[in-house]
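Step one of this worksheet: look at the structure below.
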Amino acid sequence: MEDTKILLSIDGGGIRGLIPGIILAELEKRVTEELKKENPNADFRCADFFDIMAGTSTGSILVASLAVPDDNNRPRYSGSFMVDFFHKHGTDVFPNYSPFGYIGNLLKNVTNVHKGAKLSNMANSVVGVVKKESLKVETKVRSMTDNESSVKVEKKSFVGTIMDFFNPNKEKNNETNDRAVDEIDSKVEESGSKIKTDDVKKSNTEDGTTSKTEIVNTEVTTTDVTKNKEDEDESFMEHFKELDDFLATYDPFKPRYDAVGFEKLLTEYFYEYKIKDAVNGVNIFITSYNISSGERTFFTNLTSEHDDVLMKDAIRASASAPTYFPAKNLSNKYFVDGGVFMNNPTTRAYLEARQKYPKSKFIIISLGTGRYLKPLEKYHNAGIAQWVSPLISVLMDSEQLNHHDIIKILANLDGTKYYRIQPTLEEELNLASVSENDVKKLIDIGNKAIADPENKLDEITKLLVDKCKTINIK
């Protein structure tokens, strides 16, 4: 029978690795159910029917985990196990994401409003927003209490934190903060005068005498309104206190996460297994970028160069996304996320595999982590402040599409069967957004991809079943 190699490739995408994880779990389930018809004890894992498994970033976590052996030299982890892994440990890898998401959205909104603004003007815009909201809060609070000094100190601290976050010149910041506080004090005094005048007018009758009944009614109404104001202000201040606390600890000159939790998980689940220890002799292929030498790096056992590299180290090197995690130090060389040059590793892994197995036929199954088709017309005349975020997405999306087109052409030339499953996202989901709501959305997306007939899971399952029938598993 003709030798056929089946290659699995998984894109990068952070927590969106849940999507390919769900697809792999479904494939394992379908293959095993089909083979149980002939053998009730059948229990097949991905490492049983994939010969080469390639991954970038979150894809590296999946492919390496599926290749970890157990004590009986069987695949230790299944696709369904890895779905639970992502669901359970997302917050360990990306802790405290929510506050950063809030400030990120705040900056994005300010940027969109001030489309022509320079980066320096963005800081002023944010301070303007804070001043406006601070004025509202202080006006409300001062109407309820005579203790004005405590309010002023708390508000000034918040404004000061915002200013320090955007401008390292602390002295200028302090001067600007003082001016901002003086302006707010002035506006509050004007607002206070107006409120007092209005109260007097409402308390007097047309002939200038005071109505006792009206005063009693006003006091009752004020009590109810004050309670509502207290509730509103408490909620409002708690919301901004969360942001204030985060800004006090966030350093824009360091990665968002220290990778301590991430590395602890890798040690817990990957032990000290090396790339050469991959179960069933499966070839794994993990991308990374060496920033010490400016070279692309492929941690793989397709060759012997990286045989002794620990799986957990290769993963950390591949998933060290700049700005998210510090680079991984291996033998005094620093490595960052392979997604900086190859988020979709399918083409390169296929070419490397063909060099090792020149006489084999190939089946390629390439899994994406979701693609969001974001309209970009509003950036037609934008500058750096607006293009920073969308430009990265455009470059990565274009790179993935290029690899998809290239592998399609190569597959047509040599008779390789090629399947690409890349769900379209209805909204943009950040790679570190690990909230329960976003995780649920990712699970739904994965399930929809399974049910979509265009993804040909039935056809893929049949090919995998045929492959497994040729293997003798003890």
Side-chain angles (χ1 to χ4, degrees), residues 9-17 54-65 85-86 89-97 100-101 104 168 249-275 284-301 303 305-345 348-349 369 388-389 391-393 395-396 399-400 430-434:
S9 178
I10 306 176
D11 295 2
I15 191 62
R16 298 202 307 266
T56 291
S57 195
T58 194
S60 74
I61 299 175
L62 282 166
V63 301
S65 65
F85 174 90
F86 274 87
H89 294 297
T91 52
D92 295 323
V93 178
F94 303 112
N96 303 320
Y97 176 75
F100 192 90
T249 59
Y250 176 68
D251 186 345
F253 298 100
K254 293 182 179 180
R256 299 182 194 182
Y257 310 106
D258 58 17
V260 172
F262 188 16
E263 293 196 346
K264 181 180 178 181
L265 280 176
L266 294 177
T267 298
E268 179 181 350
Y269 286 94
F270 292 87
Y271 309 99
E272 298 299 309
Y273 286 110
K274 299 177 180 180
I275 289 178
I284 56 178
F285 184 88
I286 293 173
T287 68
S288 185
Y289 189 79
N290 184 337
I291 59 174
S292 296
S293 62
E295 296 175 331
R296 297 166 298 173
T297 301
F298 304 107
F299 296 104
T300 179
N301 52 358
T303 61
E305 182 181 357
H306 298 110
D307 271 357
D308 291 323
V309 173
L310 296 177
M311 288 185 181
K312 63 182 182 181
D313 288 340
I315 293 170
R316 254 290 276 131
S318 180
S320 297
T323 75
Y324 284 86
F325 295 110
K328 176 62 177 177
N329 186 345
L330 289 176
S331 302
N332 294 321
K333 294 179 182 179
Y334 289 91
F335 296 84
V336 297
D337 199 302
V340 300
F341 75 97
M342 187 177 287
N343 205 53
N344 177 352
R348 184 58 185 257
T369 55
V388 168
S389 176
L391 185 59
I392 295 173
S393 298
L395 293 174
M396 293 185 70
E399 180 267 340
Q400 292 181 58
N430 191 286
L431 63 83
S433 185
V434 294

Keeping the roles fixed (side chain from [X], backbone from [Y]), state whether a donor-acceptor pair exists under 3.5 Å.
X	Y	answer
Y289	G294	yes
T287	F298	no
S318	S57	yes
E399	N343	yes

Subject >> CA sep, side-chain torsions, deciding dist, call: R16, T58, side chain to side chain contact (heavy atoms under 4.5 Å, CB included) >> reply: CA-CA 8 Å; R16 298 202 307 266; T58 194; over 6 Å; no

Subject >> I286 and H306: CA distance, side-chain angles, deciding distance, side chain to side chain contact (heavy atoms under 4.5 Å, CB included) verdict >> reply: CA-CA 11 Å; I286 293 173; H306 298 110; over 6 Å; no

Roughly how far, to the nearest 0.5 Å, is the [atom2] atom of [Y] from the [atom1] atom of [X]?
X	Y	atom1	atom2	answer
T300	R348	OG1	CZ	10.5 Å
T267	D313	OG1	CG	8.5 Å
Q400	D11	CD	CG	4.5 Å
S65	I315	OG	CD1	7.0 Å
T56	F341	OG1	CZ	7.0 Å

Subject >> Pair T303, E305: side-chain N/O donor-acceptor within cut-off below 3.5 Å >> reply: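 No donor-acceptor contact under 3.5 Å links the two side chains.
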
Taking every non-hydrogen atom, the tightest pair across [X] and [Y]:
X	Y	result
S320	K328	OG-N, 3.8 Å
E272	L310	O-CD2, 3.2 Å
V63	G55	CG2-N, 4.0 Å
T369	G13	OG1-CA, 3.7 Å
N329	Y334	ND2-OH, 3.3 Å
F285	A349	CD2-CB, 3.7 Å

**OP:** Could you check K312, K264, H89 and say which one makes a side chain to side chain donor-acceptor pair (under 3.5 Å) with Y269?
**Re:**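 Among the candidates, only H89 passes.
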
Subject >> Working for side chain to side chain contact (heavy atoms under 4.5 Å, CB included), residues N301 and I284 >> reply: CA-CA 6 Å; N301 52 358; I284 56 178; 4.0 Å; yes

Original post:
Between P326 and R316, is any pair of side-chain heavy atoms under 4.5 Å apart?
Top reply: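 Of all side-chain heavy-atom pairs linking R316 with P326, at least one is under 4.5 Å.
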
Subject >> Partner of F325 by side chain to side chain contact (heavy atoms under 4.5 Å, CB included), out of D337, V336, V93 >> reply: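 Of the listed options, the one satisfying the test is V93.
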
**OP:** Indicate, with yes or no, if the rings of F299 and F335 have centres closer together than 6.0 Å.
**Re:**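 Between F299 and F335, the centre distance is under 6.0 Å.
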
